[in-house]
Chemist: 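Shown below is the structure under consideration.
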Amino acid sequence: MPKRLFGTDGIRGEAGTFPLDPLTVGASGEALGHLATRLRQDPEVLVGIDTRESSQWIAAQLAGGLVRGGARPRFAGLITTPGVAYVTRTGPFVAGVMISASHNPYQDNGIKIFGHSGYKFPDAEEKAIEREIFALLEAGVRAEPAELREDPGLDASYVDFLASTFPGTLEGMRVVADCANGAASHLAPELFGRLGARVDAIHCSPNGRNINLDSGALHVDGLRCAVVELGADIGVALDGDADRAIFASHSGRAVNGDGVLLITARHMLERGELPGPDGEPTVVSTVMANLGLEKALHRLGIRMLRTAVGDKYVLEEMLRCGAMLGGEQSGHVIFRQYATTGDGLLTALRVLEVMRETGKDLDVLTRDFEVHPQRLVNIRVREKAPLEELPEVAAELRAASEAFGDAGRILVRYSGTELLARVMVEGVDEGRVELFAERIAESIRRAIGAVGS
């Protein structure tokens, strides 16, 4: 039976409405508390938040549920999602919870759960928690909010860990850090500054409603301009919970997760740190990865495996095949030597490490990456009806497939966290790519588009 609450990245929705209404949030905490008590006597559960105006009350409501369920919440306060994963696996915690909707606008929020291993809960445990949540709701059980006192030492240990992974210093480098007014607003400038960089921080003034607003990993034009104007060596754009990073080169060119995978894969290969099944160096990415990345890796003798979209699925394949590097075009990159999840700050350190050790900037490091024209279109929809059952959409997909043959790729899917249909068309001819992306998108708008989309 499919999950009804958990998507590809936890429970997510508009704050204050189901499933992020107070009653359901409290039931979620109580269900997790019951699970924690089955795993350990007198269990502790870590809770962290991003900068959304709803994060504090959701954390308090969830903590109240944890108490009802027999667990003791400890509050990390403002911290990144990978920070929660790190502290959970290195501390005395049975589980960790991050209150964040990542790159979504401030009105949304979410509940992401990690086990003591630092990995996100598998589907089986999410389904078990879901069943108990609905049972508690049916029984009318209501948890009262708990008072939360922040433990500042928790996020400090995470920054200490990140700094320890960087060899040498960043002395002489100028870094622009765009923190999307999110969870890394105080952590990123502190980290890069501690390592000796000259840091120019932008979008680091959260007010509860400006998280991801025209800033961060989804909106890099401001970062690109700032890097050029300031003459910086590099720009780093994080998203609201800092589990992804997009970069700007010295010339102002954007470098996404595909570019990062190429840069770091080549460096790891040269150092003998890129194992794979049967001894073949391997990188894991998703169906969204540009064909140019696959070709560039192939020239280096590196195999690329593709998964469904979502860093959860990338990680599952990495664990299955023994790969140490994987990630998404969107900027989630997983360095399994150091972390159990995508981490924008860790990714930035690895890119800076390659720049420092090679003496090359991002433009030079990505010079052999020939990006194939790729068009992405998001369509807000009323419902997630099976696309293959919509005649007009199916017809456009068939037409595009016949037109491209083996010289292109078409991917149409629903977002795992929002009411969006996502269309990706890739090929050699940019004009044809644009034409078919718009034709497919328009067919979806006509069939199930939301009002005003």
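Just so it is clear, the values below take in all heavy atoms, side chains as well, and ignore hydrogens, waters and symmetry mates. Starting from 1, each residue takes its place in the sequence as its number.
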Chemist: Suppose the criterion is salt bridge (charged side-chain N to carboxylate O under 4.0 Å, His left out): which pairs have a residue in residues 152-161, not counting sequence neighbours?
Modeler: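 Sorted pair list: Asp160-Arg194.
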Chemist: Given side chain to side chain donor-acceptor pair (under 3.5 Å), test Ser54 with Asn109 step by step and report yes or no.
Modeler: CA-CA 7 Å; Ser54 61; Asn109 219 318; 2.7 Å; yes
Chemist: Looking at side-chain heavy atoms only, is the closest gap between Thr307 and Glu316 below 4.5 Å?
Modeler: no
Chemist: Could you verify whether a donor N or O on one side chain and an acceptor N or O on the other, from Asp343 and Tyr158, lie under 3.5 Å apart?
Modeler: yes
Chemist: Have His203 and Asp178 got a donor and an acceptor in their side chains that come within less than 3.5 Å?
Modeler: yes
Chemist: Please report the interatomic distance CG(Leu218) to CG(Asp239), rounded to the nearest 0.5 Å.
Modeler: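 Rounded to the nearest 0.5 Å, the CG-CG separation comes out at 7.5 Å.
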Chemist: Using a 4.5 Å cut-off on heavy atoms from C-beta on, say whether the side chain of Arg52 contacts that of Ser100.
Modeler: yes
Chemist: Give me the atom names and distance for the closest heavy-atom approach of Leu154 to Ser157.
Modeler: O-OG, 2.8 Å
Chemist: Can a donor-acceptor pair be found between the side chains of Asp363 and Ser251 at a distance below 3.5 Å?
Modeler: yes
Chemist: Take Arg350 and His267, measure what side-chain contact (heavy atoms from CB on, under 4.5 Å) needs, and give me the verdict at the end.
Modeler: CA-CA 10 Å; Arg350 302 285 68 79; His267 194 63; over 6 Å; no
Chemist: Are Asp243 and Lys112 ion-paired here, with the side-chain N under 4.0 Å from a carboxylate O?
Modeler: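 Yes.
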Chemist: Quick one: are Asp233 and Asp361 in side-chain contact, heavy atoms under 4.5 Å?
Modeler: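 Asp233 vs Asp361: side chains apart.
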Chemist: Check this for me: Lys360, atom NZ, are more than 12 non-hydrogen atoms of other residues, nucleotides or ligands nearer than 6.0 Å?
Modeler: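 No - once you tally the heavy atoms of other residues, nucleotides and ligands closer than 6.0 Å, there are 12 at most.
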Chemist: Do we see a donor-acceptor contact under 3.5 Å between the side chains of Arg253 and Thr366?
Modeler: yes
Chemist: Keeping the roles fixed (side chain from Arg224, backbone from Gly252), state whether a donor-acceptor pair exists under 3.5 Å.
Modeler: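 Yes, because the side chain of Arg224 sits within donor-acceptor range (under 3.5 Å) of the backbone of Gly252.
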Chemist: Leu148 and Ala63: which non-hydrogen atoms are nearest, and at how many Å?
Modeler: CD2-CB, 3.6 Å
Chemist: Does any part of the side chain of Pro206, heavy atoms only, come nearer than 4.5 Å to the side chain of Asn210, both counted from C-beta?
Modeler: yes
Chemist: Between Gln329 and Thr286, does the side-chain contact (heavy atoms from CB on, under 4.5 Å) criterion hold? Intermediate values first, please.
Modeler: CA-CA 8 Å; Gln329 187 182 81; Thr286 76; 6.0 Å; no
Chemist: For Glu370, is the CD atom crowded, meaning more than 12 foreign heavy atoms sit under 6.0 Å from it?
Modeler: no
Chemist: State the CE-CD distance between Met288 and Glu426, to the nearest 0.5 angstrom.
Modeler: 9.0 Å
Chemist: Whether the side chain of Asn256 engages the backbone of Ile246 through a donor-acceptor N/O pair (distance < 3.5 Å, no angle test) should be reported.
Modeler: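 No, because the side chain of Asn256 does not come within donor-acceptor range (under 3.5 Å) of the backbone of Ile246.
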Chemist: Check step by step if salt bridge (Lys or Arg N to Asp or Glu O under 4.0 Å) holds for Glu126 and Lys312.
Modeler: CA-CA 13 Å; Glu126 288 181 345; Lys312 178 177 182 177; 3.5 Å; yes
Chemist: If you round to the nearest 0.5 Å, how far is CG of Leu170 from CZ of Phe192?
Modeler: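 One gets 8.0 Å once the value is rounded to the nearest 0.5 Å.
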Chemist: Take Leu261 and Val333, measure what side-chain contact (heavy atoms from CB on, under 4.5 Å) needs, and give me the verdict at the end.
Modeler: CA-CA 8 Å; Leu261 286 175; Val333 181; 4.1 Å; yes
Chemist: CD/Glu328 to CG/Asp258 distance, rounded to the nearest 0.5 angstrom?
Modeler: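 The distance works out to 10.0 Å.
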Chemist: Is Arg356 positioned over the aromatic face of Phe166, cation under 6.0 angstrom from the ring centre and no more than 45 degrees off axis?
Modeler: no
Chemist: For Gly91 versus His116, what's the shortest heavy-atom pair and its separation?
Modeler: O-CE1, 3.3 Å
Chemist: Quick one: which residue pairs count as a salt bridge (charged side-chain N to carboxylate O under 4.0 Å, His left out) with a foot in residues 285-296, not counting sequence neighbours?
Modeler: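 For residues 285-296: Glu294-Arg306.
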Chemist: Inspect the surroundings of CZ in Arg299 and state if more than 12 heavy atoms from other residues, nucleotides or ligands are less than 6.0 Å away.
Modeler: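 More than 12 within 6.0 Å, yes.
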Chemist: Is the side chain of Arg432 donor-acceptor paired with the backbone N or O of Ala403 at a distance under 3.5 Å, no angle test?
Modeler: yes
Chemist: How close do Asp50 and Gly240 get, counting heavy atoms only, and between which atoms?
Modeler: CB-O, 4.1 Å
Chemist: Measuring from atom CD1 of Ile263 to atom CZ of Phe247, what distance do you get when rounded to the nearest 0.5 angstrom?
Modeler: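 Ile263 atom CD1 to Phe247 atom CZ measures 8.0 Å (nearest 0.5 Å).
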Chemist: Locate the shortest heavy-atom distance separating Leu346 from Ala339; write the atom from each residue and the value.
Modeler: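 Here Leu346 and Ala339 meet closest at CD2-CB, 3.8 Å.
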Chemist: Do His332 and Ile334 touch side chain to side chain, with heavy atoms closer than 4.5 Å?
Modeler: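 Contact flag for His332/Ile334 side chains = no.
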Chemist: May I ask you to decide whether Lys120 forms a salt bridge with Asp9, counting only side-chain N to carboxylate O separations under 4.0 Å?
Modeler: yes
Chemist: Using 4.0 Å as the upper bound for N to carboxylate O, is an ion pair formed by Glu317 and Arg320?
Modeler: yes
Chemist: Step by step, work out the side-chain contact (heavy atoms from CB on, under 4.5 Å) result for Phe114 and Val84.
Modeler: CA-CA 8 Å; Phe114 295 87; Val84 166; 4.1 Å; yes
Chemist: Within a strict 4.5 Å, meaning less than it, do heavy atoms of the Val45 and Pro73 side chains meet?
Modeler: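 The answer is no; the side chains never approach within 4.5 Å.
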Chemist: Okay, side chain of Ser401, backbone of Leu397: is any donor-acceptor separation there less than 3.5 Å?
Modeler: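 A pair under 3.5 Å: no.
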Chemist: How long is the span from the CZ atom in Arg382 to the CD1 atom in Ile448, to the nearest 0.5 Å?
Modeler: 7.0 Å
Chemist: I would like to know whether Arg271 and Glu357 meet salt bridge (Lys or Arg N to Asp or Glu O under 4.0 Å); could you show each step before the answer?
Modeler: CA-CA 12 Å; Arg271 301 200 299 191; Glu357 292 191 3; 3.5 Å; yes
Chemist: Is it the case that over 12 heavy atoms from other parts of the model lie below 6.0 angstrom from the NE2 atom of His250?
Modeler: no
Chemist: Salt bridge check: are Arg446 and Glu442 linked by an N-O gap of less than 4.0 Å?
Modeler: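 Salt bridge between Arg446 and Glu442, a charged N being under 4.0 Å from a carboxylate O: yes.
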Chemist: Is it the case that the side chains of Thr347 and Arg244 hold a donor-acceptor pair, with the cut-off being a distance below 3.5 Å and no angle test?
Modeler: no
Chemist: Restricting to non-hydrogen atoms, name the atom on Leu269 and the atom on Pro281 that form the minimum distance, rounded to 0.1 Å.
Modeler: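 Minimum heavy-atom contact is CD1-CG, 3.7 Å.
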Chemist: State whether the number of non-hydrogen atoms from other residues, nucleotides or ligands found under 6.0 Å of Glu430 atom CD is greater than 12.
Modeler: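 No, the 6.0 Å shell around CD holds no more than 12 heavy atoms from other groups.
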Chemist: Answer whether the closest heavy-atom distance between the side chains of Pro145 and Pro22 falls below 4.5 Å.
Modeler: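 When only atoms from C-beta onward are counted, Pro22 and Pro145 do not touch, as no gap falls below 4.5 Å.
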Chemist: Check whether any side-chain heavy atom of Phe93 sits under 4.5 Å from a side-chain heavy atom of Val87, and report yes or no.
Modeler: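 In short, these two side chains touch, coming nearer than 4.5 Å.
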Chemist: Taking ring pair (Phe, Tyr, Trp, His ring centres under 6.0 Å) as the cut-off, I'd like each qualifying pair that reaches into residues 408-445, sequence neighbours left out, listed once.
Modeler: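 Only Phe404-Phe436 qualify under ring pair (Phe, Tyr, Trp, His ring centres under 6.0 Å).
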Chemist: Any sub-3.5 Å donor-acceptor pair from Thr282's side-chain atoms to Leu305's backbone N or O?
Modeler: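 No, the answer is negative, given that no donor and acceptor are paired below the 3.5 Å cut-off.
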